[in-house]
Amino acid sequence: MLIPHDTRIALETVVDLMNTAPESEAGDGLADVAALYDFAERHDISGVGVLGDQDLRAVQDVRSRFAEVFAAPDARTAADLVNSLVAAAGTTPQLTDHDGYDWHVHYFAPGASVADHLAADCGMALAFIVVAGERERLRRCEAPDCRDAFVDLSRNRSRRYCSSRTCGNRLHVAAYRARRREAAG
């Protein structure tokens, strides 16, 4: 599946935003305005001005709405959720080439809040996945003690864990040890 660079970055941002949710193993990664500033800086979100509690609550709401898209039972529901999210953000598609990036599309209006920026750009990335008929790539980790989100970009859509190095490896080691104990017993 060929995904444009800016769409891939937006999908990574969606996943990282969802994985800041309070139910994650690390706790709420967006518990305060300072954490929101850190998130915006880590993801090179352009045009972020002064942020406050209202911005924090708005981004937390967008995070919840992204989670609903991942949990949608079918493409129609996912499309309706994405449409609602993007429409509420007041999208204004524009071609831009800033900060050393080649031409790409920004879907948010100039001067948009960080929440509207995320809703528009990341919502359109999710729309790309739905339009491509690839909604099943929006997943949650199958490790019993982890529910982190990820986008399965493997060729055969076989990825099961948010990280093969942590969750996947931990479960494979546990299964190996259980087989060894069974064989020894």
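In this text the structure is predicted, and so the values were computed from the model without any measurement.
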Undergrad: Under 3.5 Å, is there a donor-acceptor pair between the side chain of Thr13 and the main chain of Ile9?
TA: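 Side chain of Thr13 to backbone of Ile9: a pair is present.
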Undergrad: Taking Tyr161 for its side chain and Ala143 for its backbone only, find out whether a donor-acceptor pair lies under 3.5 Å.
TA: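 Checking the backbone N and O of Ala143 against the side chain of Tyr161, no donor-acceptor pair under 3.5 Å is found.
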Undergrad: Is it the case that the side chain of Asn19 and the backbone of Asp16 share a donor-acceptor pair, with hydrogens and angles ignored and the cut-off at 3.5 Å?
TA: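 The answer is no, because no donor-acceptor pair under 3.5 Å joins these two groups.
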Undergrad: If Ile, Leu, Val, Met, Phe, Trp and Tyr residues are connected whenever their side-chain heavy atoms lie under 4.5 Å apart, and connections chain through other members, are Trp103 and Phe108 in the same group?
TA: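 Unlinked, Trp103 and Phe108 end up in two clusters.
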Undergrad: Measuring from atom CG of Leu56 to atom CG of Leu51, what distance do you get when rounded to the nearest 0.5 angstrom?
TA: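 Reported value, rounded in 0.5 Å steps: 9.0 Å.
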Undergrad: Can you tell me which residue pairs pass the ring pair (Phe, Tyr, Trp, His ring centres under 6.0 Å) test with a partner in residues 54-77, sequence neighbours excluded?
TA: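 Every pair satisfying ring pair (Phe, Tyr, Trp, His ring centres under 6.0 Å) with a residue in residues 54-77: there are none.
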Undergrad: Salt-bridged, Arg147 to Glu23, with N to O below 4.0 Å?
TA: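 Between Glu23 and Arg147 there is no salt bridge, as every charged N stays at least 4.0 Å from the carboxylate O atoms.
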Undergrad: For Glu136, is the CD atom crowded, meaning more than 12 foreign heavy atoms sit under 6.0 Å from it?
TA: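 Yes, the 6.0 Å shell around CD holds more than 12 heavy atoms from other groups.
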Undergrad: Does the side chain of Glu68 come within less than 4.5 Å of Leu85's, by heavy atoms?
TA: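 Sidechains of Glu68 and Leu85: no contact.
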Undergrad: Which atoms form the tightest heavy-atom contact between Phe150 and Cys162, and what is the distance?
TA: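 Closest pair (atom of Phe150, atom of Cys162, distance): CD2-CA, 3.7 Å.
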Undergrad: Apply side-chain contact (heavy atoms from CB on, under 4.5 Å) to the pair Asp38 and Leu36, showing each step before the final yes or no.
TA: CA-CA 5 Å; Asp38 288 344; Leu36 180 55; over 6 Å; no
Undergrad: Kindly list each side-chain donor-acceptor pair under 3.5 angstrom involving residues 116-132, sequence neighbours excluded, with atom names and distances?
TA:
unit_1, atom_1, unit_2, atom_2, d
Asp121, OD1, Tyr107, N, 2.9

Undergrad: Give the minimum heavy-atom separation between Ala109 and Thr92, together with the two atoms involved.
TA: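 Heavy atoms of Ala109 and Thr92 come nearest at CB-OG1, 3.5 Å.
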Undergrad: Could you check Asp55 against Val33 for side-chain contact (heavy atoms from CB on, under 4.5 Å), going step by step and ending with a plain yes or no?
TA: CA-CA 8 Å; Asp55 296 296; Val33 175; over 6 Å; no
Undergrad: Hey, is CD on Gln94 packed in by over 12 heavy atoms from elsewhere, all under 6.0 Å?
TA: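 Yes, because the 6.0 Å sphere around CD of Gln94 holds more than 12 heavy atoms from other groups.
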Undergrad: Using modelled atom types and a 3.5 Å cut-off, is there a donor and acceptor pairing between side-chain atoms of His106 and backbone atoms of His104?
TA: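 Between the backbone of His104 and the side chain of His106 there is no qualifying donor-acceptor contact (under 3.5 Å).
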Undergrad: Which value, rounded to the nearest 0.5 Å, describes the distance between Arg160 atom CZ and Cys167 atom SG?
TA: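 Between atom CZ of Arg160 and atom SG of Cys167 there are 11.5 Å.
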Undergrad: Check whether Arg63 reaches the backbone of Thr20 with its side chain - one donor and one acceptor, N or O, closer than 3.5 Å.
TA: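 Yes: the side chain of Arg63 pairs with the backbone of Thr20.
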Undergrad: Of Arg137, Arg139, Arg159, which meets side-chain hydrogen bond (donor to acceptor under 3.5 Å, both in side chains) against Asp152?
TA: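 That would be Arg139; it is the only one of Arg137, Arg139, Arg159 passing the side-chain hydrogen bond (donor to acceptor under 3.5 Å, both in side chains) with Asp152.
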Undergrad: May I ask you to test the Asp61-Arg65 pair for a side-chain heavy-atom distance under 4.5 Å?
TA: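 Side-chain contact under 4.5 Å: yes.
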Undergrad: As a quick check of understanding, evaluate side-chain contact (heavy atoms from CB on, under 4.5 Å) for Asp102 and His5, giving each step before the final call.
TA: CA-CA 10 Å; Asp102 202 0; His5 176 72; over 6 Å; no
Undergrad: Compare every heavy atom of Ser158 with every heavy atom of Ser154, then report the nearest pair and how far apart it is.
TA: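 The answer is OG-N, 3.0 Å.
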Undergrad: What is the minimum heavy-atom distance between Val114 and Ile45, and which atoms define it?
TA: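 Nearest heavy atoms, Val114 then Ile45: CG2-CG2, 4.1 Å.
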Undergrad: Between Val50 and Tyr37, is there a side-chain heavy-atom distance shorter than 4.5 Å?
TA: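 Yes. Closest side-chain heavy atoms under 4.5 Å.
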Undergrad: Taking all atoms of both residues into account, what is the closest heavy-atom pair of Val48 and Ala40, and its distance?
TA: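 Looks like CG2-CB, 4.0 Å.
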